[in-house]
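Just below is one structure, and these are the notes that go with it.
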Amino acid sequence: MTLLHDTDHSLLGILLRLSELLPPAHARFRPLLADALLFFLDHLSPRRQQDIFAAQLALPANASRSRRLLALFRLCPTLHKLGQVVAHDRRLSGDLRRRLQELETLVPTDSLVAVRPLLERAVSDVAGLHIAKKALAEASVAVIVPFVWRPAGNSAPQQGVFKVLRAGVQDRLEEELAIWPALGTFLEERCVAHGLPVFDYANTLESVAHLLANEVHLDREQAHLRQAAEFYAGSPDIVIPGVFPFSTPTVTAMQRVDGCKVTSQDLPAGEMRQRAERLIRALLAQPFWSCGEAGAIFHADPHAGNLLAMPDGRLAILDWALTTTLTKRQCESVVQLVLGALTLNDRRVCAAIAALGQSVDDAQVQAAVRQAIGQVRGGSFPGFEWMTSLLDSLAATSTVRFAEEVSLFRKALLTLSGVAADVSQEMTMDGVLIREGASQFIRSLWWRPWVWADSRRSGSAHLSNADLFGLGAELPASTLRFCTLPSWRTAPRPPRSWDFL
């Protein structure tokens, strides 16, 4: 029996009513969310429960639900991360989105006092180093501390920041991640009890938990930073913080980058459109279309706190702890899926889905694909929004089990689409992707006569000559399908498994 059963029931009731923050469109899932929150709190240690309830008692009696939710998330790194993921989801109320966006960069507390001894031990032998007395910011698992380094000789002083784990965060993260697999199974059982559709919560939560576990491995982030710096070296408008040589497995020392969150509306509308285009190009179009045999690496945590607009207009991409990699074949399959939709070819779409995941029920896959193609025939453009809606519906109903990297790619797209919309609603992800893909395709025309017909070499926009010939040959059949397919009603977008985390 934990402390939860002995606590003030009125306070517990206030916490469980946080489920009412779900938008009206998803009101039927509020009891499920309350069950999930109770399950999560009940499986925390009594000490963690005490801290959470103390933080709630410290709030004014009339504190809004959004404010109480923020106080809860600040003490739970896994919930903190999930809050960042949905902070720009426009299906949530404006007040809730604004509260969740506070999680993107927290005002530092006294956390530096707890981590300073560790920090000083890690860099004690670095000459010319001056560590600031105040932290710059706090993130979900780390504290950001400024420093100035004066290398030997006449080199100019260099501004940098240390990223060091918050005291006790690794233990809290491990405790919470151990709860998630059981929570996924519990949610699926409660779906049945509440008469709700059964989503694949267990696998969804397991994949996110695996990703979040990388947050505390700072040495991996350092490797990702170096990898990203190499990839964007030819992009003068993109900045990746450089890693200093005195970084350690427990402390990352990197270049300090100053700027505002990309969502700050500090420029005229035209320049905000350019900022949104730069954002989508750097985080989605560039890695996707440049994917070579080694695969494409995507930033898997593109919330606004990790994306800074610098005073000179450049985009700085921070916090590379979480990444996901799509293979060349997976990128090709995404293109094949879209081509199949453009030509109204359900078999081609089904084949592309089979290359991205493992089908559990072929008949359900075919039915979902036919409905999605019906939406295209009705006027929907088969871009990334259409594609992710289809993949989410298949994953949420456990019809297809997608590879972990594909699931994480979908999660990153959800976050990025919300952030980009908050920067400028006049710039769409599909528009940027099409322009970048077309540009790369045009550049590939000069060498296409000299390669094998089935070659989709790097720089080919993931299209072979055979694909192009096939599209031309399929044009009459596509026209016939368009004219003869039965009309489909445009159904509401199926709920995504991410919607109810």
Would you confirm whether the ring centroid of Trp149 sits within less than 6.0 angstrom of the ring centroid of Phe246? yes
Between Val262 and Met272, which heavy-atom pair has the shortest distance, and what is it? O-CE, 3.9 Å
Please step through side chain to side chain contact (heavy atoms under 4.5 Å, CB included) for the pair Leu119 and Phe162, ending with a clear verdict. CA-CA 8 Å; Leu119 185 56; Phe162 288 116; 3.6 Å; yes
Once rounded to the nearest 0.5 Å, what's the spacing between atom OG1 of Thr263 and atom CZ of Arg275? 8.5 Å
Within the 4.5 Å heavy-atom criterion, are Ser407 and Arg410 side-chain neighbours or not? yes
Check for a donor-acceptor pair, side chain of Thr399 on one end and backbone N or O of Asp361 on the other, with a separation under 3.5 Å. no
Given 3.5 Å as the limit, does a donor-acceptor pair link the side chain of Glu20 with the main chain of Arg30, or not? no
Looking just at side-chain N and O atoms, do Gln330 and Glu405 make a donor-acceptor pair shorter than 3.5 Å? yes
If we ignore angles and hydrogens, is there a donor and acceptor under 3.5 Å between the side chains of His303 and Asp319? no
Please check: side-chain N/O of Ser333 versus main-chain N/O of Arg329, any donor-acceptor pairing under 3.5 Å? yes
Let's go through Lys411 and Asp301 carefully: what are the C-alpha distance in whole Å and the side-chain angles of both, what is the deciding distance for side chain to side chain contact (heavy atoms under 4.5 Å, CB included) to 0.1 Å, and is it a yes or a no? CA-CA 9 Å; Lys411 171 259 177 190; Asp301 193 21; 3.9 Å; yes
Please report the interatomic distance CZ(Arg47) to CZ(Arg172), rounded to the nearest 0.5 Å. 10.5 Å
Please enumerate all residues that pass side-chain hydrogen bond (donor to acceptor under 3.5 Å, both in side chains) together with Thr248, with sequence neighbours excluded. Thr250
Find out whether Val360 and Arg401 are in side-chain contact, i.e. whether some heavy atom of one side chain is under 4.5 Å from a heavy atom of the other. yes
Heavy-atom donor-acceptor pair, Tyr232 side chain to Ala282 backbone, under 3.5 Å: yes
Minimum heavy-atom distance between Leu337 and Met387, given as atom pair plus value: CD2-CG, 3.8 Å
Output the distance between atom CD1 (Ile240) and atom CZ (Arg226), rounded to the nearest 0.5 Å. 13.5 Å
With sequence neighbours left out, what residues match Ala142 under side chain to side chain contact (heavy atoms under 4.5 Å, CB included)? Lys163
Determine, step by step, whether Gln222 and Ser247 satisfy the side-chain hydrogen bond (donor to acceptor under 3.5 Å, both in side chains) criterion, reporting the C-alpha distance in whole Å, the side-chain angles of both residues, the deciding distance to 0.1 Å, and the verdict. CA-CA 8 Å; Gln222 293 160 25; Ser247 295; 4.5 Å; no
Within the distance-only criterion (no hydrogens, no angle test), does the side chain of His43 pair as donor or acceptor with the backbone N or O of Ile179 below 3.5 angstrom? no
Any side-chain heavy atom of Glu188 sitting closer than 4.5 Å to one from Cys191? no
Going by the side-chain contact (heavy atoms from CB on, under 4.5 Å) test, name the single residue among Leu391, Leu284, Asp392 that passes it with Leu413. Leu284
Side chains of Ser359 and Asp362: do they bring a donor and an acceptor to under 3.5 Å? yes
Are any non-hydrogen side-chain atoms of Arg121 and Pro117 less than 4.5 angstrom apart? yes
Which pair of heavy atoms, one from Gln159 and one from Phe244, lies closest together, and at what distance? O-CZ, 4.1 Å
What one should report as the nearest heavy-atom pair of Ala300 and Thr324 is CB-N, 4.0 Å
Approximate separation, where rounding is to 0.5 Å, of Arg65 CZ and Arg17 CZ: 6.5 Å
Kindly say whether Leu75 contributes a backbone atom to a donor-acceptor pair with the side chain of Arg48 at under 3.5 angstrom? yes
Where do Gln56 and Leu72 come nearest, in terms of heavy atoms and distance? NE2-N, 3.8 Å
Heavy-atom check, side chain of Pro77 versus side chain of Glu176, under 4.5 Å: yes
Close aromatic pair by centroid cut-off 6.0 Å: Phe381 and Trp386: no
Stepwise, does the salt bridge (charged side-chain N to carboxylate O under 4.0 Å, His left out) test hold for Glu426 with Arg273? CA-CA 7 Å; Glu426 299 178 23; Arg273 285 197 300 273; 2.6 Å; yes
Can you tell me if Glu175 uses its side chain to pair, donor with acceptor, with the backbone of Ser45 under 3.5 Å? yes
Would you say the side-chain atoms of Gln255 pair up with the backbone N or O of Gly242, donor to acceptor, closer than 3.5 Å? yes
Residues Leu165, Val115; criterion side chain to side chain contact (heavy atoms under 4.5 Å, CB included); working and verdict: CA-CA 8 Å; Leu165 296 180; Val115 302; over 6 Å; no
Indicate, with yes or no, if the rings of Phe402 and Phe409 have centres closer together than 6.0 Å. no
Quick one: pull up SG in Cys260 and CG in Leu267 and give me the separation to the nearest 0.5 Å. 7.5 Å
Take Lys261 and Asp266 through the test salt bridge (charged side-chain N to carboxylate O under 4.0 Å, His left out) and record every step on the way to the result. CA-CA 10 Å; Lys261 289 203 296 187; Asp266 56 338; over 6 Å; no
Is it true that the side chains of Gln375 and Ser380 contain a donor and an acceptor less than 3.5 Å apart? no
What is the distance from atom CD of Glu277 to atom CE of Met429, rounded to the nearest 0.5 Å? 14.0 Å
With a 4.5 Å limit on heavy-atom distance, are the side chains of Pro382 and Leu390 in contact? no
Does the salt bridge (charged side-chain N to carboxylate O under 4.0 Å, His left out) test come out yes or no for Arg116 and Glu120, once each step is laid out? CA-CA 6 Å; Arg116 192 174 186 98; Glu120 290 179 341; 2.9 Å; yes
How about Ile280 and Thr428: do any of their side-chain heavy atoms sit closer than 4.5 Å? no
Shortest non-hydrogen contact from Pro302 to Leu283? CB-CD1, 4.1 Å
What's the verdict on side chain to side chain contact (heavy atoms under 4.5 Å, CB included) for Phe40 and Cys76, showing C-alpha distance, side-chain angles and the deciding distance? CA-CA 10 Å; Phe40 181 82; Cys76 302; 3.9 Å; yes
Check: Gln265 side chain, Val423 main-chain N or O, donor-acceptor pair, under 3.5 Å: yes
Are any non-hydrogen side-chain atoms of Leu315 and Val239 less than 4.5 angstrom apart? no
